[in-house]
2 protein chains.
Amino acid sequence: MRLSKRGEYGLRAMIMLAGSARENEPLPVVQIKEISQREQISSKFLEQILLTLKNAGMLHSKMGVGGGYYLARPASEITLGQIFRVLDGPVAPIKCVSQMAYEPCGCPDEQTCGLRLVMGDVRNAIVDILDHTSLEDVAKRREAVQQSLGLTSQ
Amino acid sequence: MRLSKRGEYGLRAMIMLAGSARENEPLPVVQIKEISQREQISSKFLEQILLTLKNAGMLHSKMGVGGGYYLARPASEITLGQIFRVLDGPVAPIKCVSQMAYEPCGCPDEQTCGLRLVMGDVRNAIVDILDHTSLEDVAKRREAVQQSLGLTSQ
DNA sequence: TCAAAAGTCTACTAGTTCCATAGACTTTAT
DNA sequence: ATAAAGTCTATGGAACTAGTAGACTTTTGA
């Protein structure tokens, strides 16, 4: 049940972009190089990932001096599920329970396949989380954790 | 977030073994060939999978004429999570949230890593299902579905 | 106007994993 | 003794993963 490095890096980059937004300021434009340094990711690999995300409409970019990437929509309107699917494909653990990419799995009787019933539950549990967690939610949650750590360490 | 064929076939085989048990009868001994035919799985591939499951202590076997495989413990004491881990490794989508195989994931600050917080939730959701669903649970659920289909089709 | 700074695009590759298949071997019942 | 079953190890092709390389385009601003 593994998230690929591609997915991990892409999600981390998007979360970083959402986290560097400040209220009442324009969306910050951040360079690949800066993201790769802050998140410790190979910049050439990250480049491909951001390009994919851009072509999927989740990021916009500016070329040339002073250019970089920024979120295509407000952080509250981009969910982790959307990002995940662009980079790692369907969320479902097995194709016969996938909403986005259904395929029969080859069991003798799909309707009564026990594995399918359980994996359907697993799929729903994952989707519930990923599709209902926006980049904004993640940023807020991180801030909350940071604050609680700050308070308890005093 | 994919379950491998290995994991899928192994789970299906175990579910089949649990499903072919009858009350007040000794655990049925089933041959590889029969499982592979009923579940439409390459018998040589299945052979390796069952062997792995046997070496992990989840199956027992009998060699020779009239031999085959049978569950090493009652179906109520074998969970899908146990089987999954033997065949596909840790359940966690990312190593830094794995209980069984923790490794740092390389993010700058693990404690406040937003991705890690969310993936921890995902891990917990999956584990909740897989570790609390036994082979017996699956068999009962399948029977319930079969009954409800039988009733409504009359 | 030109050079530097940035993203864009395509190709390549070493390594790994996945899904098997093959075949020789061991154990057991009759 | 023989046939039926599981055991074990090796091999192979295909796909995928994580990354590297390099030539190209667009934009800014000196």
Side-chain angles (χ1 to χ4, degrees), chain A residues 1-13 17 28-37 39-72 84 86-90 93-95 101 105-106, chain B residues 1-13 17 28-37 39-72 84 86-90 93-95 103 105-106:
Chain A
M1 263 357 168
R2 189 58 91 263
L3 174 68
S4 71
K5 285 291 174 189
R6 203 177 141 74
E8 177 191 331
Y9 294 164
L11 284 163
R12 291 233 306 266
L17 283 173
V29 175
V30 186
Q31 294 171 22
I32 293 178
K33 201 166 64 175
E34 188 180 340
I35 305 179
S36 81
Q37 283 171 357
E39 299 286 336
Q40 312 266 55
I41 302 170
S42 148
S43 69
K44 275 308 233 178
F45 190 23
L46 183 61
E47 180 186 305
Q48 290 177 37
I49 296 168
L50 297 182
L51 198 51
T52 303
L53 255 8
K54 187 206 151 156
N55 291 333
M58 326 207 66
L59 286 176
H60 286 162
S61 64
K62 252 188 81 181
M63 273 184 158
V65 179
Y69 283 96
Y70 56 99
L71 298 182
F84 182 99
V86 166
L87 297 173
D88 272 15
I94 191 169
K95 286 186 182 166
C105 61
Chain B
M1 258 7 162
R2 188 57 92 264
L3 175 67
S4 71
K5 284 290 173 189
R6 203 176 141 75
E8 177 192 332
Y9 294 164
L11 285 162
R12 292 232 307 264
L17 284 172
V29 175
V30 187
Q31 294 170 23
I32 292 178
K33 202 167 62 174
E34 189 181 340
I35 305 178
S36 81
Q37 281 171 358
E39 298 287 336
Q40 312 265 56
I41 302 171
S42 147
S43 70
K44 277 307 236 178
F45 190 22
L46 182 60
E47 181 186 304
Q48 290 176 36
I49 296 168
L50 297 182
L51 198 51
T52 303
L53 255 8
K54 187 208 150 154
N55 291 334
M58 324 205 69
L59 285 177
H60 285 163
S61 64
K62 250 187 83 182
M63 271 186 163
V65 179
Y69 283 96
Y70 55 98
L71 297 183
F84 182 99
V86 166
L87 297 174
D88 271 17
I94 192 170
K95 287 187 180 163
E103 265 181 55
C105 61

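Both backbone and side-chain heavy atoms feed into the values below; hydrogens, waters and symmetry mates do not. Just so we're on the same page: letters track the sequence lines, and every chain starts at 1.
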How many whole angstroms separate atom [atom1] of [X] from atom [atom2] of [N]?
| X | N | atom1 | atom2 | value |
| --- | --- | --- | --- | --- |
| I32(A) | dT25(D) | CD1 | C1' | 14 Å |
| E47(B) | dT9(D) | CD | C1' | 11 Å |
| L51(B) | dA5(D) | CG | P | 17 Å |
| I49(A) | dG19(D) | CD1 | C1' | 10 Å |
| I41(A) | dT17(D) | CD1 | C1' | 15 Å |
| I94(B) | dA18(D) | CD1 | C1' | 15 Å |

| remark: On DNA chain D, more 5' by nearest nucleotide between K62(A) and S42(A) is S42(A)
| message | Between G64(A) and Q48(A), which residue's closest nucleotide on DNA chain D lies nearer the 5′ terminus? | response | Q48(A)
| remark: To the nearest 0.5 Å, atom CG of N55(A) lies from atom CG of L50(A) at 11.0 Å
| request: Measure the spacing between CD1 of I49(A) and NZ of K5(A) and express it to the nearest 0.5 Å. | output: 10.5 Å
| field | Heavy-atom check, side chain of L3(B) versus side chain of F84(B), under 4.5 Å | value |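 L3(B) vs F84(B): side chains touch.
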| message | Taking the side chain as everything from C-beta on, heavy atoms only, tell me whether R2(A) gets closer than 4.5 Å to M1(B). | response | no
| task | State which residues pass side-chain contact (heavy atoms from CB on, under 4.5 Å) with E34(A); sequence neighbours excluded, sorted by chain then number. | result |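 By the side-chain contact (heavy atoms from CB on, under 4.5 Å) rule, E34(A) matches V30(A), R38(A).
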| Those residues that, when tested against E39(B), pass side chain to side chain donor-acceptor pair (under 3.5 Å) (two or more places apart) | R12(B)
| query | Which residues pass the salt bridge (Lys or Arg N to Asp or Glu O under 4.0 Å) test with K33(A), sequence neighbours left out? | reply |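 Checked K33(A) against salt bridge (Lys or Arg N to Asp or Glu O under 4.0 Å); zero matches.
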| request: Within residues 4-12 of chain B, find the residues that approach DNA chain D with a heavy atom at under 4.0 Å, and present them sorted by residue number. | output: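 Close to the strand, none.
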| task | State whether the side chain of D88(A) and the backbone N or O of S4(A) hold a donor-acceptor pair below 3.5 Å, judged by distance alone. | result |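 A pair under 3.5 Å: yes.
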| field | Positional range of nucleotides in DNA chain C within the contact set of chain B, heavy-atom, under 4.0 Å | value | dC19(C) to dA29(C)
| query | Can you tell which of dT25(D), dT28(D), dC8(D) lies closest to the side chain of K44(B)? | reply |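 Closest nucleotide to the K44(B) side chain: dC8(D).
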| task | Would you mind classifying the nucleic acid contact of L50(A) as base, sugar-phosphate or nothing, using non-hydrogen atoms under 4.0 angstrom? | result | nothing
| request: Please collect all salt bridge (Lys or Arg N to Asp or Glu O under 4.0 Å) contacts where either partner lies in residues 41-64 of chain B, sequence neighbours excluded, each pair once. | output: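 For residues 41-64 of chain B, and leaving out neighbouring residues, the salt bridge (Lys or Arg N to Asp or Glu O under 4.0 Å) pairs sorted by first residue read K44(B)-E47(B).
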